Amino acid sequence: MTSNEHRRLRLAELLENAGMTQAAFASLVDVPPDYVSRLLYPEDKAGRKNLGLVTMGKITTAFGLPTQWFEEPLGTNIPAPKGIQGQHS
């Protein structure tokens, strides 16, 4: 698995476990909703975007995660951000 694919899967875990829509997530981390959607595209889908350092920084800050969170093994250390736990849109 490539680093980019691992990061995509970590992002998908985070969204699922936070119980957030892509739009709510995008608003929280201050990125366009269509960008979040494209970050989640599979590796072979046209239009896919890879997570860059700036976006990873916004996400880790918003969720109070360690800087290297996206490099950790799948399924580990997946919190919801303060004030958002349990919200569904």
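Only this structure's heavy atoms are used, side chains among them; waters, hydrogens and symmetry mates stay out. Not measured: the values here are computed from a predicted model.
H6 approaches F70 most closely through the heavy-atom pair CD2-O, 3.0 Å. Shortest non-hydrogen contact noted between K58 and D30 is NZ-O, 3.1 Å. In terms of heavy-atom proximity, P33 sits nearest to A23 at CB-CA, 4.4 Å. Across every non-hydrogen atom of A62 and V29, the tightest pair is CB-CG1, 3.9 Å.
The only member of R10, K45, R48 that meets salt bridge (charged side-chain N to carboxylate O under 4.0 Å, His left out) when paired with E5 is R48. The only member of V36, D34, L39 that meets side chain to side chain contact (heavy atoms under 4.5 Å, CB included) when paired with Q22 is V36.
Looking only at side-chain heavy atoms (C-beta outward), N50 and S3 stay at 4.5 Å or farther from each other. The shortest distance between side-chain heavy atoms of L65 and L14 falls below 4.5 Å. When side chains are defined from C-beta on, L11 counts as touching L40, because their heavy atoms get closer than 4.5 Å. Residues E13 and E16 fail the side-chain proximity criterion, which asks for heavy atoms closer than 4.5 Å. Side-chain contact between I59 and L28 is absent, with no heavy-atom pair separated by less than 4.5 Å.
At most 12 heavy atoms of other shown residues, nucleotides or ligands fall within 6.0 angstrom of atom NZ in K49.
Looking at T55, its side chain never comes within 3.5 Å of a backbone N or O of G52 through a donor-acceptor pair. In this structure, T61 contributes its side chain and G57 its backbone to a donor-acceptor pair below 3.5 Å. Of the possible polar contacts, none joining the W69 side chain to the T60 backbone as a donor-acceptor pair under 3.5 Å is found.
Note: R8 CZ to M1 CE = 9.0 Å, rounded to the nearest 0.5 Å. Here the straight-line distance linking atom CG of L51 with atom CZ of R7 works out to 7.5 Å at 0.5 Å rounding. In this structure, E43 CD and N4 CG are separated by 7.5 Å, a value rounded to the nearest 0.5 Å.
Close placement of the F63 and F25 rings is indicated, their centers lying within 6.0 Å of each other.
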